[in-house]
Amino acid sequence: MNRALLTLNVSPAISVDVAKYAKLVAIVQRCGTIQSRIKMHKMLYVLKSLGYPVQERFAYRHFGPYSDDLAAELRSSVNAVYLQERVIETTGEEDEEPYRRYDYAPGRKGSELVERLASSDPTLAAVAESMADVAEELNESPPTRMELVATLMYLQDLNVPRDLLVQVLQGSKPQFTEAEVQGALRYIADLRSRSAFQPPPDFSSIIGLVKEGPPSDAAQDLDEEIYGGGE
């Protein structure tokens, strides 16, 4: 995986809001199309867990990590024509009902926003490029695989002991077999070893990059929902 060269000691030149949306657009531009909102949320959480500057707060929901912040930002990005949202009518399996899927693709004004980022703050642009590198790989996985990977990383970020991960995961997601969980854990270990974000020395001075709190933004122990409780 090629890494963008981070240019150090560059003064902040753009607002936090511009940086936030430009990073989202850069990720979608690299991926071309991201199939489903669920997948988008999981990809952003994986990047957050790897240490990238994802400021959005996440909580545990039915399909794993979910961010109300990101949901609002995606709506705003579509309204601003930075991103395009496509409604796809999908056909379920024999025992499933058809449903609507919401995919994301670059919008008409997205390139302009990313170009503004690149010209205004090369350091932040390089970080966005690095995030897009990882996102491109993640986008190759189907949404259900991303759900599994992101949920396991969420549990890891909450310091669930490794010998309990399978039990805790299957308590709320029994559809995943132990073999699938173990395969996802091996992938996560490899991903963390080669894709964890290493910030430049003056990282904290760059607008739009500083994140606060642990990767999951969780200040308390797992709630009963993760252990199989109600929604």
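Not measured: the values here are computed from a predicted model.
- A side-chain donor-acceptor contact under 3.5 Å links E85 and Y104.
- In terms of heavy-atom proximity, K173 sits nearest to H62 at NZ-O, 2.8 Å.
- The two atoms that bring S36 and D103 nearest to each other are N-OD1, 2.9 Å, heavy atoms only.
- A salt bridge links R57 with D69: at least one charged nitrogen is closer than 4.0 Å to a carboxylate oxygen.
- Side-chain contact between F197 and V127 is present, with heavy atoms from C-beta onward closer than 4.5 Å.
- The shortest side-chain heavy-atom distance between K39 and N139 falls under the 4.5 Å cut-off.
- A side-chain donor-acceptor contact under 3.5 Å links D157 and S49.
- Separation of atoms CD1 (I27) and CD (E129) is listed at 11.0 Å; rounding is to 0.5 Å.
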For M40 and L24, run side chain to side chain contact (heavy atoms under 4.5 Å, CB included): C-alpha distance rounded to whole Å, both residues' side-chain angles, the deciding distance at 0.1 Å, then the answer. CA-CA 10 Å; M40 187 76 176; L24 282 179; 4.0 Å; yes
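- At distances below 3.5 Å, not a single donor-acceptor pair connects side-chain atoms of S130 with backbone N or O atoms of A126.
- To the nearest 0.5 Å, atoms CG (L44) and CD (Q55) are separated by 11.5 Å.
- Smallest separation of non-hydrogen atoms from V160 and V168: CG1-CG2, 4.1 Å.
- With rounding to the nearest 0.5 angstrom, the NE2 atom of H41 is 7.5 Å from the CZ atom of F58.
- Summarising the geometry, atom CD1 belonging to I34 is positioned 10.5 Å from atom CD belonging to E136; distances are rounded to the nearest 0.5 Å.
- Put simply, the side chain of R101 reaches to within 4.5 Å of the side chain of Q35, judged on heavy atoms.
- Ring geometry for Y154 versus Y60: interplanar angle of 30 to 60°, hence tilted.
- Not a single donor-acceptor pair under 3.5 Å links the side chain of S120 to the backbone N or O of L117.
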Side chain to side chain contact (heavy atoms under 4.5 Å, CB included), that's the test. Do L70 and Y45 meet it? Break it down for me. CA-CA 10 Å; L70 178 58; Y45 184 79; over 6 Å; no
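- Here the CZ atom belonging to F176 is positioned 6.0 Å from the OG1 atom belonging to T144, to the nearest 0.5 angstrom.
- Counting non-hydrogen atoms of other residues, nucleotides and ligands closer than 6.0 Å to CD of Q182 gives a total above 12.
- Taking each heavy atom of C31 and M43 in turn, the nearest pair found is SG-CE, 4.0 Å.
- A donor-acceptor contact shorter than 3.5 Å is absent between the side chain of T151 and the backbone of L148.
- The hydrophobic cluster containing Y102 does not contain I88, counting ILVMFWY residues as joined when their side-chain heavy atoms lie under 4.5 angstrom apart, directly or transitively.
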Checking side chain to side chain contact (heavy atoms under 4.5 Å, CB included) for the pair K42/I38: CA distance, chi angles, key distance, verdict? CA-CA 6 Å; K42 306 319 170 226; I38 291 175; 3.8 Å; yes
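- For the residue pair A184 and L152, the shortest heavy atom distance occurs at CB-CD1, 3.6 Å.
- E180 has its side chain out of reach of Q175: every pair of non-hydrogen atoms, C-beta onward, lies at least 4.5 Å apart.
- Note: Y82 and Y21 have tilted aromatic rings, judged against thresholds of 30 and 60 degrees for the angle between ring planes.
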Side chain to side chain contact (heavy atoms under 4.5 Å, CB included) between K23 and Y52: does it pass, once the steps are laid out? CA-CA 11 Å; K23 285 182 288 184; Y52 286 88; over 6 Å; no
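- Contact record, I188 with V149: CD1-O, 3.6 Å, taken as the closest heavy-atom pair.
- Distance check, rounded to the nearest 0.5 Å: CE of M153 to CG of L165 gives 12.0 Å.
- Hydrophobic clustering (ILVMFWY, side-chain heavy atoms < 4.5 Å, transitive): V54 and Y66 are in distinct clusters.
- No side-chain donor-acceptor contact under 3.5 Å links K109 to the backbone of V81.
- By the 4.0 Å N-to-carboxylate-O rule, D133 lies close enough to R30 to be salt-bridged with it.
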